[in-house]
Enquirer: 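Here's a structure for you.
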Amino acid sequence: MSTADRTYGPEESSGQHTIAARRVSFDWESTPLHWIPDEPTATHVINVLHLLLPAGERWFVKVFKEALPLVDDPELLKDVKGFMGQEATHSVQHAYVLDHLAVQRLQTADYTKYVDFLFEKLLGGTPPPGMPIPAQEWLRLRLSVIAAIEQFTAVLGDWVLSADALDRADCDAVMLDLLRWHGAEEVEHRAVAFDMYQHCGGRGLRRYARRTAGMAVTAPVMLYLWAWGAAYLVRHDPQLAGRLRYSLAEHNKAVRKGLLPSWRELGAAVPRYLRRSYHPSQEGSLRKAVEYLAASPAARAAAGAIGRSAMA
C-alpha cells in the first residue's frame with residue numbers, strides 16, 4: 001500500500017505526527033500491592049496487562065523485524081520503527097512491575113511461563129509442528145493477529161485516558177502514570193500495526209479474510225487469558241490470603257464504578273474492526289493522547305533527560 005493509499009482520521013494527516021519511543025522510568029518503591037485502594041479485583045484485572053505485555057510486546061517487535069524488508073513505503077517504515085521502539089519500551093516497563101509484584105510476595109512465573117510459550121513457541125518464527133503453513137503466509141497471519149490486538153490496546157488506551165473514576169479512587173500516582181503513558185502511546189500509534197498488515201498482507205478478499213481471521217482468533221484468546229490472569233492474581237495475592245476469588249459479579253461492580261472498561265466498550269471494538277472500510281485512525285483521540293504525553297511525569301522526565309544529554 002502506497003502512502004497515497006493510506007487513510008487518515010480527522011485528527012491526523014500524512015507526515016503530521018512523529019511516533020518515537022520515550023525512554024521513561026518509574027519508581028515502584030512506594031506503590032502498594034492494591035494500588036486502587038480497597039479494590040483488589042479492579043487492581044488485578046488491570047494488572048493482567050503486566051502478565052501479558054512483557055512477552056507479547058517483545059513478540060510484536062520480533063515479528064515486525066521479520067516483516068521490515070517487505071516495507072517499501074518510507075513513511076510507513078518510519079512509523080513502524082517508531083512503533084517498535086515504543087513497544088520495546090512498554091515490554092521493559094511492564095516487566096519491572098512484575099519484579100515489584102515479586103517483592104510484594106505475589107509470584108507470577110507460574111502464569112507467565114504459559115504466556116512465554118504462546119508467543120515464543122506457538123507464535124514463533126516457524127509454525128508449530130503439524131501446521132505446514134508457508135513462511136510468507138505464517139508471517140501474514142501473525143501480522144493480522146498483532147493488528148487485532150492493537151485494536152483492543154487502542155480502545156483500552158483511550159479508556160484509561162478518560163477514566164476519571166481512577167483519579168477519584170485515589171489510585172497510586174505512579175501506576176496511573178504508567179497506564180496512561182502506555183495508553184497514550186497506544187492511541188498515538190493505533191494505526192501502525194493495521195497499516196503494516198495492509199501493506200504486507202497481499203491484496204483483495206484474501207487480505208480481508210485473513211484480517212477477520214486474526215480477530216476471530218485474538219478476541220476469544222485475549223478474553224480467556226485475561227480471565228485466567230485475573231483469577232490467578234486474586235488467588236495468589238498474599239494480602240487476600242484466599243479470602244476472595246475473582247468473579248464476574250466483582251468485576252461488574254468495578255465496571256459500574258468506572259474502574260474498568262465496560263463489556264460494551266470492548267465488544268463494540270470487534271464489529272468496527274471487521275468493517276471492510278475500517279481504519280484505526282477512527283479510534284480514540286490523538287489530541288488527548290498527545291496532551292497527556294506532554295503532561296506525564298515519566299514522559300516529561302524522559303524528555304528532560306534527553307535535553308540535558310544533548311546540551312552536555
Side-chain angles (χ1 to χ4, degrees), residues 1 48-49 51-71 76 79-80 83-84 86-88 90-91 94 112 114-157 182 185-187 189-229 266-276 278-280 283:
M1 182 173 60
V48 175
L49 286 167
L51 299 179
L52 299 178
L53 294 180
E57 297 193 297
R58 283 197 307 271
W59 176 72
F60 289 4
V61 174
K62 289 179 181 178
V63 176
F64 271 37
K65 281 183 178 178
E66 288 182 48
L68 277 180
L70 304 178
V71 180
L76 177 60
D79 287 348
V80 166
F83 172 94
M84 292 168 67
Q86 289 187 343
E87 297 289 35
H90 299 168
S91 175
H94 285 281
T112 57
Y114 295 106
V115 180
D116 292 342
F117 179 78
L118 169 65
F119 289 113
E120 295 174 9
K121 302 299 183 183
L122 291 183
L123 294 172
T126 56
M131 294 181 66
I133 302 173
Q136 182 186 61
E137 183 62 19
W138 182 238
L139 176 59
R140 288 173 169 177
L141 283 169
R142 288 178 294 148
L143 289 172
S144 77
V145 169
I146 295 173
I149 294 172
E150 285 289 297
Q151 170 73 351
F152 290 111
T153 59
V155 170
L156 291 171
H182 186 169
E185 290 198 342
E186 291 298 328
V187 173
H189 69 224
R190 63 200 186 277
V192 176
F194 184 93
D195 287 343
M196 183 67 159
Y197 171 72
Q198 292 290 98
H199 187 88
C200 301
R203 294 289 182 269
L205 183 60
R206 289 191 65 182
R207 181 175 69 179
Y208 173 70
R210 196 185 302 106
R211 171 156 71 90
T212 63
M215 178 57 80
V217 170
T218 296
V221 170
M222 283 189 66
L223 179 62
Y224 175 76
L225 289 174
W226 220 289
W228 178 24
L266 296 172
V270 176
R272 284 200 306 274
Y273 183 83
L274 296 179
R275 291 200 303 264
R276 289 288 296 269
Y278 178 73
H279 190 265
E283 296 293 341

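What you see is a predicted model, and the numbers here were worked out from it, not measured in a lab.
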Enquirer: Does the salt bridge (Lys or Arg N to Asp or Glu O under 4.0 Å) test come out yes or no for E120 and K62, once each step is laid out?
Expert: CA-CA 10 Å; E120 295 174 9; K62 289 179 181 178; 5.2 Å; no
Enquirer: Just so I know, are the side chains of R58 and D116 near enough to count as touching, which here means a heavy-atom distance under 4.5 Å?
Expert: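 With C-beta onward as the side chain, the pair touches.
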Enquirer: Would you please say whether a donor-acceptor pair under 3.5 Å links the side chains of E283 and Y278?
Expert: yes
Enquirer: For a quick test of reading the model, state the closest non-hydrogen atom pair linking V221 to V217 and the distance between them.
Expert: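 That would be CG2-O, 3.2 Å.
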Enquirer: Is the backbone of L118 close enough, under 3.5 Å, to the side chain of W59 for a donor and an acceptor to pair up by distance?
Expert: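 Flag not set: sc W59 to bb L118 has no pair under 3.5 Å.
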Enquirer: Got L225 and V48 here, is their nearest side-chain heavy-atom distance under 4.5 Å?
Expert: no
Enquirer: Could you tell me if E57 and H94 have a donor-acceptor pair between their side chains, going purely by distance under 3.5 Å?
Expert: no
Enquirer: Does this structure show an ion pair linking E137 with R210, if we count only N-O contacts that are shorter than 4.0 Å?
Expert: yes
Enquirer: Looking at Y273, I'd like to know if the NZ or CZ of R211 sits under 6.0 Å from its six-membered ring centre while staying within 45 degrees of the ring's axis.
Expert: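 Flagged: R211 positioned over aromatic ring of Y273.
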Enquirer: Specify the closest pair of heavy atoms between F152 and A269, including all atoms of both residues, with the distance to one decimal.
Expert: CE2-CB, 4.3 Å
Enquirer: For a 4.5 angstrom cut-off between non-hydrogen side-chain atoms, does L266 reach L223?
Expert: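 Of all side-chain heavy-atom pairs linking L223 with L266, none is under 4.5 Å.
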Enquirer: Compare every heavy atom of S144 with every heavy atom of G214, then report the nearest pair and how far apart it is.
Expert: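 In this case the closest contact between G214 and S144 is CA-OG, 3.6 Å.
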Enquirer: Would you check, one step at a time, whether the test side chain to side chain donor-acceptor pair (under 3.5 Å) holds for H279 with Q198?
Expert: CA-CA 10 Å; H279 190 265; Q198 292 290 98; over 6 Å; no
Enquirer: Rounded to the nearest 0.5 Å, what's the gap from CE on M131 to OG1 on T126? Could you check?
Expert: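 Spacing of CE (M131) from OG1 (T126) equals 11.0 Å.
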Enquirer: Would you say R272 has more than 12 foreign heavy atoms packed within less than 6.0 Å of its CZ?
Expert: yes
Enquirer: Can you name the closest pair of heavy atoms from T218 and I149 and give their distance?
Expert: CG2-CG1, 3.6 Å
Enquirer: Taking D195's backbone N and O only, do any of them form a donor-acceptor pair with H199's side chain (distance below 3.5 Å, no angle check)?
Expert: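 Not a single qualifying donor-acceptor pair exists.
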Enquirer: Over 60° means perpendicular and under 30° means parallel, so classify the ring planes of H182 and H90, tilted if in between.
Expert: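 Geometry flag for H182 against H90: tilted rings.
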Enquirer: Do you see a donor-acceptor pair shorter than 3.5 Å between the side chains of E186 and T153?
Expert: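 Side chains of E186 and T153: pair found under 3.5 Å.
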Enquirer: What distance do L70 atom CG and C200 atom SG have between them, rounded to the nearest 0.5 Å?
Expert: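 Spacing of CG (L70) from SG (C200) equals 5.0 Å.
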Enquirer: Provide the closest heavy-atom pair for A88 versus V61 in the form atom of the first, atom of the second, distance.
Expert: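 Scanning both residues, the minimum pair turns out to be N-CG2, 4.0 Å.
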Enquirer: Counting distance only, does the side-chain N/O of R190 pair as donor-acceptor with the main-chain N or O of P280 below 3.5 Å?
Expert: yes
Enquirer: Quick one: pull up CE in M222 and CD in Q151 and give me the separation to the nearest 0.5 Å.
Expert: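 M222 atom CE to Q151 atom CD measures 10.5 Å (nearest 0.5 Å).
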Enquirer: With heavy-atom distances below 4.5 Å as the criterion, would you say the side chains of W138 and L123 are in contact?
Expert: yes
Enquirer: If you measure from CH2 on W228 to CG on L51, what distance do you get to the nearest 0.5 Å?
Expert: 10.0 Å
Enquirer: M196 and L68: which non-hydrogen atoms are nearest, and at how many Å?
Expert: CE-N, 4.2 Å
Enquirer: Does the Lys NZ or Arg CZ of R140 fall within the cation-pi geometry relative to Y197 - under 6.0 Å from the ring centre and within 45° of the axis?
Expert: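 Checked: cation-pi criterion not met.
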Enquirer: Can you say whether the rings of F60 and F83 are parallel (under 30°), tilted (30 to 60°) or perpendicular (over 60°)?
Expert: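 Correct class here is parallel.
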